[in-house]
Every structure is written in structure tokens, then in C-alpha cells.
Protein chains: 4
Amino acid sequence: MAGASTERALGKGDLTRRRILDAAAAEIARHGPAGAGLGAIAEAAGLRTGSLYFHFPSKQHLISAVLEEGIRASLQRLDAAMAAPQRATPAERLRAGITAHLRALAELSDYAVVVLAPQFAALHREVPGFRALRREYLRRWAELVAAAQDDGTLPAGPDPAEVRDLLLGALNAAGLAGQPPARTAEVVAALLRLPS
Amino acid sequence: MAGASTERALGKGDLTRRRILDAAAAEIARHGPAGAGLGAIAEAAGLRTGSLYFHFPSKQHLISAVLEEGIRASLQRLDAAMAAPQRATPAERLRAGITAHLRALAELSDYAVVVLAPQFAALHREVPGFRALRREYLRRWAELVAAAQDDGTLPAGPDPAEVRDLLLGALNAAGLAGQPPARTAEVVAALLRLPS
Amino acid sequence: MAGASTERALGKGDLTRRRILDAAAAEIARHGPAGAGLGAIAEAAGLRTGSLYFHFPSKQHLISAVLEEGIRASLQRLDAAMAAPQRATPAERLRAGITAHLRALAELSDYAVVVLAPQFAALHREVPGFRALRREYLRRWAELVAAAQDDGTLPAGPDPAEVRDLLLGALNAAGLAGQPPARTAEVVAALLRLPS
Amino acid sequence: MAGASTERALGKGDLTRRRILDAAAAEIARHGPAGAGLGAIAEAAGLRTGSLYFHFPSKQHLISAVLEEGIRASLQRLDAAMAAPQRATPAERLRAGITAHLRALAELSDYAVVVLAPQFAALHREVPGFRALRREYLRRWAELVAAAQDDGTLPAGPDPAEVRDLLLGALNAAGLAGQPPARTAEVVAALLRLPS
DNA sequence: CATGAATGAGGGTTCATTCAT
DNA sequence: CATGAATGAACCCTCATTCAT
């Protein structure tokens with residue numbers, strides 16, 4: 001959970017900026033936005049407090065940037081997972097989605113905490129565009145679930161959105177707790193009795 | 001999720017103290033421990049900042065008290081749920097546990113956030129006895145799951161602890177999001193294909 | 001120029017607040033708004049920096065309060081001076097106005113600097129009502145001058161407003177420089193050849 | 001009052017240096033020495049903050065340079081005015097001095113504010129030689145006044161220094177307020193009843 | 001010459017805490 | 001019991017300054 005970086009996924013940019021973002025994500029994940037001190041973030045990034053202001057105009061902007069990084073990386077991974085073979089069966093695609101989500105959690109690490117944890121709802125509201133992105137993310141998952149229900153893979157009846165929320169709740173809990181993706185995916189599949 | 005009180009469950013005590021605890025739980029749930037200002041807590045409780053110190057010796061103690069209230073109320077509810085008829089089948093007891101957990105979340109509201117959210121891990125470590133209580137809580141759930149696996153109600157194979165973590169993750173996500181307990185319990189039962 | 005107080009003129013109020021205002025007026029008069037440090041102001045008022053925030057919500061508000069005090073005290077003194085016997089000749093009233101203005105400068109001291117100095121124009125714009133008050137102040141002076149011109153006491157011809165600006169410019173320069181009011185009034189009267 | 005330059009009066013030199021000085025004079029005139037940020041000065045001069053240090057070793061030196069520019073330009077103008085026909089009558093020379101002073105204010109603009117305003121007394125003390133130059137400036141004015149008093153042009157009796165301070169106070173107020181020199185000079189002459 | 005980047009000292013502000021009333 | 005007032009530490013932020021490029 002320490003020093004996670006979205007480097008590879010986000011392309012190369014200003015290196016210092018990336019170090020600051022990673023440090024900020026870690027601090028925020030651990031202590032919340034209010035408890036994340038610029039001093040601690042700067043130290044973790046290898047510079048002094050005042051220097052942060054050369055890269056970000058304020059703590060608020062830094063926090064927003066962390067959220068945006070997290071969202072961007074999340075969506076990118078989801079795209080990769082969802083763009084998978086459309087000819088796959090709903091069950092296969094559901095499995096792929098679960099695995100992709102768990103892997104994303106593991107790779108995003110601290111960013112995932114900031115993006116997903118309901119404790120940061122207040123934060124989320126302050127970043128323009130965040131809600132739209134998350135809505136899109138959830139919409140795709142609901143489609144995945146609905147397809148699996150139509151197919152008989154998942155029990156028909158329950159609202160796909162509710163099913164999705166429960167499913168993602170379970171995945172997030174395991175992922176944020178640091179469980180290995182592959183193993184967790186298997187257990188989930190077993191519980192849902194997905195055809196192997 | 002607003003202004004929740006554990007009054008009934010915790011018995012009557014000092015009324016002002018209870019108002020302060022409720023206000024603190026709400027602030028902490030929304031802004032984290034660092035972001036919960038004594039000023040905001042005092043205002044929500046109907047007094048001035050300095051007056052808090054008549055009821056609690058420090059912010060740390062106040063926060064600890066909130067956690068302890070949450071834990072006490074949680075365990076009390078769990079006891080009620082688990083103390084259910086031992087002659088019931090594992091499936092029935094699992095269902096009862098799920099419903100009880102969801103009801104507890106709904107009733108505990110802000111306290112539940114503070115007790116459950118992994119973001120408050122740092123806090124949890126500072127409250128003596130908290131880990132023991134939670135361990136006991138999780139042990140009982142693991143037993144419930146194991147019994148259901150032995151019984152064929154849940155797929156055998158996966159580690160009961162992992163199953164439990166996924167299950168509680170799903171329940172907590174729904175509960176903290178404000179979903180109605182009864183409805184959520186049904187969806188969960190359907191997904192797990194518990195016998196009705 | 002040091003530690004001036006408008007105490008008597010403004011009525012009794014919170015004593016600490018007054019001490020802070022006086023200290024702030026002195027600091028601002030000497031170093032400008034930007035150069036007036038809250039540390040220096042607090043020290044001169046006999047408390048610590050943070051304590052200022054119990055009495056004023058921000059440095060901006062403190063500065064505005066200083067301006068308002070200065071304006072209030074100025075107008076009060078002007079009223080007294082202008083309310084003088086209406087049966088007096090224009091020359092007598094002009095003399096009285098000059099003396100009153102010089103005395104006000106001496107008594108207001110640091111507040112006068114803040115209220116009058118054109119360097120604080122930026123400040124003035126931020127205090128609502130300031131401009132209206134000053135306009136009224138200047139209007140009365142223009143009337144005084146016009147009456148003296150009609151009367152032959154002052155040369156007719158020049159715009160009363162321009163005459164007033166020159167006159168007040170001279171008075172302010174002498175007053176802010178700390179010249180004794182009585183003596184300065186005599187020299188001004190001599191230069192303008194006012195009948196003794 | 002905006003973007004004034006002493007270019008013509010001071011001869012040609014480094015162009016960038018002149019732009020910086022003009023920008024600094026404007027900033028200082030408007031916000032005081034403490035409120036004049038190097039960032040704002042640099043921007044107005046068309047370069048970045050750090051680049052200022054190629055032209056001036058520190059903010060203090062830059063401010064001193066502004067003052068020196070202002071003084072140099074002032075004295076130069078005064079010399080021109082005073083060096084006028086010695087055979088002129090005191091009244092004529094007084095008139096010429098008044099006009100020259102007003103013209104200098106108009107031309108020096110922001111520099112005049114910095115040089116004249118009593119609020120910058122603290123600054124003045126830090127520039128070696130400033131006081132001597134000003135003393136000389138004031139001495140010449142006092143002579144001018146004394147000659148006019150001996151001559152009967154101005155009322156005898158008052159201390160020439162006091163008369164001079166009042167006169168310059170009036171001129172400076174009008175000049176810094178942006179009044180046109182010629183017109184102001186006429187009004188002043190009328191008030192003092194100088195022979196036309 | 002000029003700049004991007006970093007720094008440290010200091011400034012304004014918040015906040016948990018104390019205490020006399 | 002409660003509050004108004006004060007405090008000091010820590011915080012976020014600004015700014016003059018330096019320096020490698």
C-alpha cells in the first residue's frame with residue numbers, strides 16, 4: 001500500500017509532480033484529506049513544503065489532482081478490461097471484469113482508496129467531472145451484470161444496480177484490504193457459482 | 001445518516017454527553033478524525049468549544065469514546081442476532097446474521113462508519129480492546145460461514161475467513177450507502193442462492 | 001504619532017478591541033497595510049498573534065475596522081467644528097474650520113494617516129460607505145470656501161473645490177508632520193490674509 | 001499616473017533596467033514597499049521574478065534605486081527652474097518655482113509618490129544621501145519664500161520654513177491627485193495674491 | 001541574459017487546549 | 001456547568017532569494 005505509482009499507466013510527465021501526487025495519495029489514504037499535512041507529503045516526495053507550491057497552486061488543487069489521477073487510471077484500466085472480446089459469454093466477461101477490477105485496486109493502491117472510499121464523498125463533490133466519470137464506470141458494470149442476469153449466469157430478479165453495488169462492495173473491501181486479486185476472484189466466482 | 005443516536009441501545013446516561021458523542025460521530029464520519037473540528041462538534045451539540053472539556057478531557061478521548069460507543073452498540077446487536085435459536089439451520093442463521101448486520105448498520109449510522117471504515121485503522125489502534133472485540137466479532141461470522149459451507153448452503157472450498165470478508169464487504173458497502181436492510185438482505189440471499 | 005487613541009471620542013467599548021485598533025492604526029500608518037504585521041500589532045496591544053482572531057476574523061477585517069474608526073472619529077470632530085455659530089462671518093467660520101481640522105489631525109494621529117493618505121486609496125475602496133462619508137466631508141468644506149469667496153474673504157474666481165483641495169492639502173501636510181495646530185492655523189490665516 | 005517613465009530626464013541607459021524601475025515605482029506607489037511584490041514588478045516589466053536579480057542585487061537595492069531615480073529627476077527639474085533668470089523678481093521666481101514643482105510632479109508621477117509621501121519616511125532613511133538631497137531641495141525653497149517675504153510678495157512674519165511646508169503640502173496634494181499643473185498654479189497664485 | 005525549480009524564513013490563520021469568571 | 005478570552009503549536013501559503021541550465 002506504500003508508494004504506489006500510476007506511472008506506467010499514465011504516461012510520462014513531470015517526474016516531481018508524479019512523486020508529489022503519489023506521496024499525497026498515500027497521505028490522504030491514510031489520514032484523510034484534513035489529516036494529510038503538506039509537510040508530510042513534501043517530505044515523502046523529497047522536497048520542502050514551500051516547493052509544493054511551484055507544482056500545485058494550493059492543497060485543494062493538489063487533492064483534486066490526486067483524485068483526477070485516480071479516476072483517469074481507473075477508467076483506463078476498466079476500458080482495457082471491458083474492451084475485451086465482445087464475443088465472450090456474459091459469464092466470461094463478468095469474470096474478466098472482476099479480475100480487472102481487483103487488479104486495478106492492487107495496482108492503484110493508495111489512489112484506489114481515495115477514489116473509492118465513501119469517506120471521501122465530500123472530496124468527490126469538489127472535483128468537477130468526478131461524478132460523471134464514476135457514473136459512467138457504474139453504468140458499464142450494471143450492463144455487465146444485466147447481461148449475466150439475462151443469460152442466467154446470475155439470478156434474475158434483483159435490480160442490476162443493487163447487485164453491482166454489492167459485488168463492487170465485496171471486491172473493494174477485499175482489494176483495499178490487500179488480498180491478492182487472482183485468489184479473491186476465484187472465491188467470488190465460487191460464491192456466485194459462476195461456471196468455470 | 002444524520003444525527004443518529006445509539007440512545008436506546010446504550011441505555012440512558014448523561015444527555016449532554018450523548019449529544020456530544022452523536023455530533024462527534026457525525027463529524028468524524030463525514031470529515032475524518034483530523035477534519036472533525038471541536039468547534040463544529042460543539043455547535044452541533046448546542047454548546048461552545050470550551051465546554052466540551054467538561055465532558056471529555058481531550059479530543060483524543062472524545063474520539064475514543066465515539067469508537068467505544070460504536071463498538072459497544074455493535075456487539076450488543078450482534079449478540080442479539082447470534083443468540084438466535086441454536087436449533088435453526090445454518091442457512092437460517094446465516095440469513096438472520098445478514099439481516100442483523102444490515103439492521104445494525106442502519107441503526108448505528110455514523111457510528112458504523114467510524115467503526116467499520118478501514119480509513120480509521122489508525123484510530124482503531126489507539127482504542128484499547130478494540131481489536132479483541134473485532135476479532136471476536138469476525139470469529140463468530142467465520143463460524144457462521146463455515147457451518148453454512150459444511151451444510152452445503154455455501155460452496156465448500158474457499159477459506160471461510162475470505163468468504164466472510166467478501167460478504168461483510170458487500171453488506172457494509174450497501175449499509176453505509178443507506179440501502180434499506182430488508183431489501184438488501186433479499187438480494188444478497190438471491191445472489192448466494194440461499195434456500196428461501 | 002505614537003499610541004494615539006480615539007477612546008474618548010468613540011465611547012466605551014471592549015477595551016482589548018480598542019487597544020488592538022490603536023496598535024493596528026500605528027503599524028499601518030508607519031508601514032502600510034502590507035507591511036503591518038499581525039505579530040507587531042499583537043505585541044503592541046499586549047497579546048499574542050493568534051489572540052487577535054478572537055476579536056477580528058481576519059487581517060482584512062481589522063484593517064477595515066481601523067479605517068471605520070478613523071472615519072467615525074473624523075466626522076464626529078468635523079460635526080462639532082461645523083456646528084459652530086451659524087451667525088459667524090464666513091471668515092470666522094473658515095478660521096474655525098481650519099483650526100478644527102488641524103486639531104482633529106493632531107488628536108486622530110495615526111488614524112488620520114490611514115484615513116487621509118492617498119497611498120491608502122486601495123484600502124479605502126474596500127470599506128463600504130467610506131467614499132460617501134468622505135464626499136460629505138469634502139462637500140461641507142467646499143461650502144465653507146464658497147461662502148468665504150462670496151464674502152470677499154478669499155479671492156473669487158477659482159473653483160471652490162480646487163481651493164479646498166489645496167487648503168486641505170496644506171493642512172494635512174502640516175498636521176501629519178506633527179506641527180502644533182494653533183501655530184499652523186495662524187500661518188495659514190496669514191498666508192490667506194484672513195482678517196484677524 | 002500609470003507607467004510613468006523618467007526616461008527623457010535621466011538620459012538613456014539600460015532599457016530593461018528602466019522598465020523594471022518604472023514598474024517598481026508604480027507598484028511601490030500603489031501598495032507601499034512591503035506590498036510591492038517582485039512578482040508583480042517583474043510581470044509589469046515583462047520578465048520573470050528571478051531575472052530581476054540580474055539587474056538588482058536585492059529588493060532593497062531595487063527600492064533604493066527607485067528612490068534615487070526619483071530624487072535625481074526631481075533635483076534636475078528644480079535646478080532648471082531655479083537656474084532661471086536671477087534678475088527676475090522674487091514674485092516671478094516664486095511663480096516659476098511653483099510651476100516647476102507642479103510640472104515635476106506630473107512628469108515624475110509614480111516616482112513623485114515614492115519620493116514625497118511621508119508614508120515612505122522609513123524608506124527614505126535607508127537610502128544614504130537621500131536626506132541631504134532633500135534638505136538641499138527644501139533649503140532652496142525656503143530661500144525662495146524668504147525672498148518673497150522680504151519683498152512683500154508674501155506676508156512677513158511666519159517662519160519661511162513653515163510657509164514653505166504649507167505651500168509644498170498644497171502643491172503635492174494637488175499634483176499627486178493628478179490636477180493639471182498650469183491650472184493649479186494659477187489658483188495657488190490667486191490664493192496667495194501674487195501679482196500677476 | 002533569462003528561466004524553471006527549489007528553498008527557508010516569515011506571515012496569516014486555524015485549532016485544541018486552558019482558565020478565570 | 002458553561003462561557004469568553006487567551007495561548008501556542010501547527011498549518012497553509014507567500015515571497016525574496018539562489019542556482020544550475
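Lettering follows sequence order; numbering is per chain, from 1. When reading the values below, keep in mind they use all heavy atoms of this one structure, side chains included, and skip hydrogens, waters and symmetry mates.
- Using a 4.5 Å heavy-atom cutoff, the side chains of C:Ile71 and C:Tyr111 are not in contact.
- For the pair C:Glu27 CD and E:dG12 C1', the interatomic distance rounds to 15 Å; values are reported in whole Å.
- To the nearest angstrom, P of F:dC12 lies 15 Å from CZ of A:Phe56.
- Rounded to whole angstrom, the span from the CD atom of B:Glu43 across to the C1' atom of F:dA2 amounts to 16 Å.
- Within the nucleic acid shown, A:Ala34 has no heavy atom closer than 4.0 Å to any nucleic acid atom.
- Distance check, rounded to the nearest 0.5 Å: OG of D:Ser64 to CD of D:Glu69 gives 12.0 Å.
- In this structure, C:Ala42 reaches neither bases nor backbone, as no heavy-atom distance under 4.0 Å exists between it and the strands shown.
- Between the CZ atom of A:Arg17 and the P atom of E:dG4 there is a distance of 17 Å, rounded to whole Å.
- Counting heavy atoms from C-beta outward, A:Asp22 and A:Asp110 have side chains that stay 4.5 Å or more apart.
- For the strand DNA chain F, secondary-structure stems (runs of at least three Watson-Crick or G-U pairs, all distances below 3.5 Å) span E:2-21 with F:2-21.
- E:dT17 atom C1' lies 9 Å from atom CG of B:Leu38, rounded to whole Å.
- Atom pair D:Ile63:CD1 and F:dA16:C1' shows a separation of 11 Å (rounding to whole Å applied).
- Two residues, D:Gln60 and C:Arg19, neighbour DNA chain F, and the one matched to the more 5' nucleotide by heavy-atom proximity is C:Arg19.
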What protein N or O atoms touch nucleotides 7-10 of chain E N or O atoms at under 3.5 angstrom, if any, and at what distances?
| residue | atom | partner | partner atom | Å |
| --- | --- | --- | --- | --- |
| E:dT7 | OP2 | A:Arg48 | N | 3.2 |
| E:dT7 | OP2 | A:Ser51 | OG | 2.7 |
| E:dG8 | OP2 | A:Arg48 | NH1 | 2.6 |

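- As a whole-Å value, the separation of B:His55 NE2 from F:dT3 P is 9 Å.
- The phosphate of E:dA6 has neither OP1 nor OP2 within less than 4.0 Å of any side-chain N or O from A:Thr49.
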Could you pull out every donor-acceptor pair under 3.5 Å between side chains of residues 42-56 of chain B and any protein atom, sequence neighbours left out?
| residue | atom | partner | partner atom | Å |
| --- | --- | --- | --- | --- |
| B:Ser51 | OG | B:Arg48 | O | 3.4 |

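- Distance D:Leu15 CG to E:dA2 P: 11 Å, rounded to the nearest Å.
- When each of F:dT17, E:dA6, F:dC13 is scored by its nearest atom to the side-chain atoms of D:Tyr53, the top-ranked nucleotide is F:dT17.
- Checked by atom type, the side-chain pair B:Ser58/B:His61 shows a donor-acceptor distance below 3.5 Å.
- Distance from the side chain of C:Lys59 is smallest for E:dG12 among the nucleotides F:dC13, E:dT18, E:dG12.
- Closest approach of A:Ile20 and A:Ile41 over heavy atoms only: O-CG2, 4.0 Å.
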